[in-house]
There are 2 protein chains.
Amino acid sequence: MPKQTFFNLNDDKKNKLVEAAREEFSRVSLYEASIANILKRAEIPRGSFYQYFRDKEDAFFYLLNEHAEERHKNFIENLKAFNGDLFQAMTEVYKTVFQFSRENGNSNFIRNVLMNMNYKIEHAFTKNLTKQNIEHRFHDIYQLVDMEALHVSNEKEFYHLMQILIAVTFHNLVHCVSNEFSETEALDKYISELSLLKKGLVK
Amino acid sequence: MPKQTFFNLNDDKKNKLVEAAREEFSRVSLYEASIANILKRAEIPRGSFYQYFRDKEDAFFYLLNEHAEERHKNFIENLKAFNGDLFQAMTEVYKTVFQFSRENGNSNFIRNVLMNMNYKIEHAFTKNLTKQNIEHRFHDIYQLVDMEALHVSNEKEFYHLMQILIAVTFHNLVHCVSNEFSETEALDKYISELSLLKKGLVK
DNA sequence: TACTATAAGTGACATAATGTCATATGTCAA
DNA sequence: TTGACATATGACATTATGTCACTTATAGTA
């Protein structure tokens, strides 16, 4: 989490800093990113950066969490719109994230995020920060999903189902973005795998 | 790939260097690893390192590929031993990798690999280097697997099935290692998810 | 208004990392 | 012995990171 001083910043300065960080993290991965470039773009001195953020990661995960928050809201909305159809809701999120990764303009942030996806990044994406939050959100989803359609009989089984779905969704995203699939190709692959998932892998 | 000079090294020097690298990559992740530490341990000058490897990654992926090669052989053996039962063979590999991640002695290499798993690392793990190799290996597996038991009707569907299985297997490994699960807990989780995968997610 | 405590801003600096290159050394065949 | 080639070496240029002593701003108080 950024330090309080960051949140105390006036909007202009804050936005300029956030944009500078986003540009740098769009250029390269978290590990290759250079704080010096962010400073240059944001026109702030080195000391100030450390006044606002603990380090490079802190700034990166701030941006990522902002994005993840949006995706979570989308997911909940989709779940409602599709009457609890988990797979349709997930497919919409998949599409959205994939489209973000295709923005060729100023921001390749999501593309870089996906191509360097690891446990910590996935975690930031799917859960949000606190243990409490995770359980709370999981429960929200559990309430909204149409369980009748699913092959699970309790919350624990549903947890496993979600783990599988998340694994396959991210794996697809990363694979398709890394291999520069078109949106149609990516969606085809994802839908094929979802369909196999639904019907089961064995006879 | 390491440079030819590396392979020309006499065994003593080569082993010392490889061990030095393994120790460093066991201490921290690829990105945090310091070449200086490898040099100190291997007692070679800086210039020599770059005579043998292109960079830090080069050394890291050399070690990883060695390991992945072993796992691939295991997998093929298991597939034969279990008469083409894909799930049993995969569960054995899962167990083995998990056990490697638990080695508390000199080497936490696999633990660090799993905890920093990303696309590139997964790729090194599952495929080996060349496109040709990937297709070749995939075909080998396709020949060995008992297709009768599976819910797929052609090689393309089998490809999707393997993608799912790989996604879920790695996701489990990373999750269980990151959260310090015991071997029993990890195996329980994996088996639960495999069972859900087999029977299908929807009714 | 002047004073003071607290927060925020600043950039030079210590430290450590990476990759390169000119130079030195070793090896082997003619 | 010589020359061509491969290998070895460590000083160096460059670029990072995170800290700290010091300055400046702000807001509450006498």
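The basis for the numbers below is simple: all heavy atoms, side chains too, and nothing from hydrogens, waters or symmetry mates. Since we're looking at a predicted model, the values are computed, not measured.
- At D:dA8, none of the side-chain N or O atoms of B:Tyr50 fall inside 4.0 Å of OP1 or OP2 (strictly under the cut-off).
- Between the P atom of D:dA16 and the OH atom of B:Tyr31 lies a distance of 17 Å, rounded to the nearest Å.
- Checking B:Lys56 against A:Leu9, the closest nucleotide of DNA chain C that is more toward the 5' end is the one next to A:Leu9.
- Close to C:dG9, at under 4.0 Å from its OP1 or OP2, lies a side-chain N or O of A:Lys13.
- Taking the centre and axis of the six-membered ring of B:Phe181, the NZ or CZ atom of B:Lys189 falls outside the cone set by 45° and 6.0 Å.
- Taking atom NZ of B:Lys40 as the reference point, atom C1' of C:dA17 lies 12 Å away to the nearest angstrom.
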A:Glu57 vs A:Lys120, test: salt bridge (charged side-chain N to carboxylate O under 4.0 Å, His left out). Steps then yes/no. CA-CA 11 Å; A:Glu57 279 205 8; A:Lys120 211 170 163 185; 2.6 Å; yes
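- Contact check, A:Arg46 against D:dG18: no side-chain N or O comes under 4.0 Å of OP1 or OP2.
- For B:Ser48, no side-chain nitrogen or oxygen approaches OP1 or OP2 of D:dA8 to under 4.0 Å.
- Between B:Ile35 atom CD1 and D:dA16 atom C1' the separation is 14 Å, expressed in whole Å.
- Using bins of under 30°, 30° to 60° and over 60° for the plane-to-plane angle, the ring pair B:Tyr94/B:Phe98 lands in the parallel bin.
- Summarising the geometry, the separation between CD on B:Glu24 and C1' on C:dA17 is reported as 12 Å, rounded to the nearest angstrom.
- In this structure, CD of A:Gln51 is placed 13 Å from P of C:dG11, rounded to the nearest angstrom.
- One finds a side-chain N or O of B:Asn8 lying less than 4.0 angstrom from the OP1 or OP2 phosphate oxygen of D:dT7.
- Both the sub-6.0 Å distance and the 45° axial angle are not jointly satisfied by B:Lys3 relative to the ring of B:Phe53.
- Rounded to whole Å, the distance from CG on B:Leu39 to C1' on D:dA11 is 14 Å.
- Taking side-chain N and O atoms only, A:Thr5 has no distance below 4.0 Å to OP1 or OP2 of C:dA8.
- Using a 4.0 Å cut-off, no side-chain N or O of A:Tyr52 falls inside it from OP1 or OP2 of C:dA8.
- Taking atom CD1 of A:Ile44 as the reference point, atom P of C:dT10 lies 9 Å away to the nearest angstrom.
- Relative to the side chain of B:Asp55, the nucleotides C:dT10, C:dA17, C:dG19 differ in distance, and C:dG19 lies closest.
- Taking the six-membered ring where the residue is Trp, the centroids of A:Phe170 and B:His171 are separated by 6.0 Å or more.
- We find that CZ of A:Phe49 is positioned 14 Å from C1' of D:dT19, with the value rounded to whole Å.
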